[in-house]
Peer 1: 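Take this structure first; my questions come after.
Here is how names work: the chains are called A, B, and so on, in the same order as the sequence lines, proteins then strands, and each is numbered from 1.
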Amino acid sequence: MSTKPDTSSDTSSLVQVRDLSVHFALRGGSLARLFGRDTGTIKAVDGVNLELRPGEVVGLVGESGSGKSTLGRALLGLVPATQGSIHLRDQNVAELSRRRLREIRQVVQMVFQDPNAALNPSMQVEEAVGDALRVHGVRSTTERRTRVVEALERVGLSPVEHFLNKYPRDLSGGQKQRVVLARAIVLDPELLVADEPVSMLDMSVRAKILQLMLDLKNELGLTYVYITHDLATAKYFCDRIAIMYLGRVVEIGPAEEIFDHPRHPYTKALLAAIPEPDPDKMVPRDLPRGEIPDAAAPPLGCAFHPRCPEAVSGCGWESRDLRALVEQHWMRAGTAYDEEQDVIGDLDHLDTPATTATLGRGGSDRVRAVLDRIRAEDPHEPLWSGVTSIQPDGSGVTVRFQEADSPALRQAGGVDVACVLYPDSSSSPA
Amino acid sequence: MRRMLSAVAKPFSETTGLARWMLVAGVLITAVFLIAAIFAPWLAPYGFAQSSAHGVEFPKVGHPSSAHPFGTDRLFFDVLSRVIWGARTALEVVILSILFCVVLGVPLGLLSGFYGGPLDRVLVLIMDALYAFPPLLLAIVVSFLLTDVYGGSVIAVSISLTVVYIPQYFRVVRNTTLSAKEATYIEAARAIGARDIRIMRKYLFGNVVHSVPVLGTLNAADAILTLAGLGFLGLGIQSTAAAEWGHDVSRALADAGSGVWWTGLYPGLAIVLLVTGLTLVGEGLNETLNPTLRRRRLLAVVMPPRDRTPVQEVQR
Ligand SMILES: Nc1ncnc2c1ncn2[C@@H]1O[C@H](COP(=O)(O)OP(=O)(O)O)[C@@H](O)[C@H]1O
Ligand code: SF4
Ligand SMILES: [Mg+2]
């Protein structure tokens, strides 16, 4: 666990995240808890390594549910780390007392996704921004006001007097986000975690807010963690990009390299989904096939494999994939369905993730025949390459899959990729 | 303050038709009693426990006359004066009990909703238990317990009423806190480094007390009834300590058989009118100000039954 190996205090990095995991206990019903039933955990962040150098903009990109916000909140100590460490210079945020945590929030600040919800509806702008100072011991009203006015000017809310006494409900979305930014910079932080800061704003103000953030960064020497589900803004904004999927970083590297030579199949899928820059030509985004899996029971092996267009034998195929395949087949099967359903029987038990799957009740030969038919339908389906054996077992068969761990990040070209297609450093297969 | 003012105007501008008339009527009735309560010393012809003036004894159970428009009662007291002074007693008791309820119930609800856990569970259990009692019964029990300490005083009765109504304040505040604390601006407050105390005081408090004024007015009507009930049973305030309608009505019971109607009618009428007025105001406010309370009423369906007076029907 987190016995501090204090090699982290090398001065070149502002933040050093090591093997960070943040798990949430699933809240089961009170009955389930009463009987001590295991209600499961969600691995919102699972073994993430990340380094932030001063002055850098690092993007965290991924679909919703990939753990971007949780990682960002962990940087401020807003969610407790289950494992691993987060070194902010030489302090481990993951182990600080509550009091010390509050102190580091002078250094790390956050901008939230929804400006409509991020401001206390019953506080005027001056108080909302000034409260950050108040909390950190600036008692003099005049000093607070001076600094609030300065911050508001910096975020482009002028004339300032016009805004000081406004309630959030009197402001537009863009103005609210400027207030949120002002509140974040008024403490003179070094690191700003911006969680999808423009995704709730009108198209027309997005670019302005992003430009403002860049200006702030240059004027104040800030470091950014920029969280987004939108690779397009990340390209505009980031020096480095970390692509996240189900709590893990699957590809990380310089923004240019990620855009010019995407390696991880998920990155490629995200890139392919970037809409036309011209808003008139916008097409609906076409994210990879299938749905984002249940975070409480992620796929074995590479979590992306059920959706991956390039998947191979070693990607972690398992019982649930087999079930999905059989059911897809049945959707197409038409009249054969009744007969096959009879042979295969119930599939529900396959929902327990496992690399062996026993199925069928109509005799092993007939079950195997059904499987062969399914395979013949699409011989290139990568699942089959991951099958190591199909053996008779009672009145059905046991299908065994190749066991696979979640692939680790490995160097490939200028980036790090977590994918079995990139097995070793600097050799980049086609 | 400006928000307070606009909040005061809102119920009138946002209601229409019948609802508005009900609200206006309620406000007018309540205002009459408020004026009576505040200016009782000037409005009432005599003191509430005065049985003679200028050396002349009042008649015993005297008919309404020019000297005593509402007549006099068995104790030689002037009924009109006691009705007016009674408004003052009612106001004192209601204000004191609402004050106690707010001062105790709101912070407890905040703490309970914010921290959850064992503290929350214990408080909810206690409050639910109190809430499950029929209000009058609970008030009687508490009055009994307090007889030695404050027996028969305004304070004692106010405390009894506080025990009866505090669960509602607690519950409303706790439930609003539960949902409000999930708001992003609470996390934002944490993100700027605010302590729990500060988060509760500056970020939650202002957003969870919205329903308290409405609850206050709704409970005020109910409290008047409970106060009268206590007085009627002789557990309330003694005749010589203050004028209290319920107690006057109970003393008038004996008169009813002998054709003396004025000793019971006027205090009874005062109770009915004030309760009606307050209920109309509370309902009017509720319609406009308070989406939270409306949600709470839906929830209230699954709550344990308590005894029903007309006012409580209205509350649910
Ligand atoms: N406080 C929480 N309690 C339980 N689960 C949570 C909590 N916060 C986030 N999660 C879960 O963690 C996963 C990652 O969430 P999040 O970090 O918000 O992803 P993203 O920001 O990338 O959309 C999701 O499955 C989400 O449901
Ligand atoms: S390891 Fe690579 S190829 Fe295999 S499923 Fe994951 S992303 Fe696709
Ligand atoms: Mg998010």
Peer 1: In the structure I gave you, are the side-chain heavy atoms of A:S122 and B:F205 within less than 4.5 Å of one another anywhere?
Peer 2: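 They are not in contact (no side-chain heavy atoms under 4.5 Å apart), so the answer is no.
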
Peer 1: Begin from the C-alpha positions of A:M110 and B:E187 and carry the test side chain to side chain contact (heavy atoms under 4.5 Å, CB included) through to its verdict.
Peer 2: CA-CA 10 Å; A:M110 186 146 179; B:E187 177 157 50; 5.7 Å; no

Peer 1: With a 4.5 angstrom heavy-atom cut-off, which part of A:R98 approaches chain B: side chain, backbone, both or neither?
Peer 2: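 Contact with chain B involves the side chain of A:R98 alone.
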
Peer 1: Looking only at heavy atoms, what is the nearest atom pair of A:N120 and B:Y185, with distance?
Peer 2: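 Closest heavy-atom pair between A:N120 and B:Y185: N-CB, 3.6 Å.
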
Peer 1: Is it the backbone or the side chain of A:E127 that comes under 4.5 Å from a heavy atom of chain B, or both, or neither?
Peer 2: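 The side chain, not the backbone.
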
Peer 1: Search all heavy atoms of A:V135 against all heavy atoms of B:A194 and return the closest pair with its distance.
Peer 2: CG1-N, 3.7 Å

Peer 1: Is the shortest heavy-atom distance from the side chain of A:R134 to the side chain of B:K202 under 4.5 Å?
Peer 2: no

Peer 1: Measure B:R198 against the heavy atoms of chain A and call it side chain, backbone, both or neither at under 4.5 Å.
Peer 2: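 The answer is the side chain of B:R198.
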
Peer 1: Does atom CZ of A:F24 have more than 12 heavy-atom neighbours from other groups under 6.0 Å away?
Peer 2: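 Above 12, so yes.
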
Peer 1: Taking side chain as everything from C-beta outward and backbone as N, CA, C, O, which of these in A:L119 sits under 4.5 Å from a heavy atom of chain B? Side chain, backbone, both or neither.
Peer 2: backbone

Peer 1: Could you tell me which non-hydrogen atom of B:I192 sits nearest to which non-hydrogen atom of A:Q109, and how far apart they are?
Peer 2: CA-NE2, 3.6 Å

Peer 1: Check A:R183 against B:A188 and note the closest heavy-atom contact, atom names and distance.
Peer 2: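 In this case the closest contact between A:R183 and B:A188 is NH2-CB, 3.2 Å.
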
Peer 1: Quick one: pull up CZ in B:R190 and CG in A:L78 and give me the separation to the nearest 0.5 Å.
Peer 2: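 Taking CZ in B:R190 and CG in A:L78, the distance rounds to 8.0 Å.
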
Peer 1: Under 4.5 Å, counting heavy-atom pairs only, tell me which of A:A132, A:A184, A:G77 racks up the most with chain B.
Peer 2: A:A132

Peer 1: Please give me the minimum heavy-atom distance between B:N207 and A:P121, naming the atom from each residue.
Peer 2: OD1-CG, 3.4 Å

Peer 1: Which atoms of A:N116 come close to chain B, meaning under 4.5 Å heavy atom to heavy atom: side chain ones, backbone ones, both, or neither?
Peer 2: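 When you check distances to chain B, no heavy atom of A:N116 falls under 4.5 Å.
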
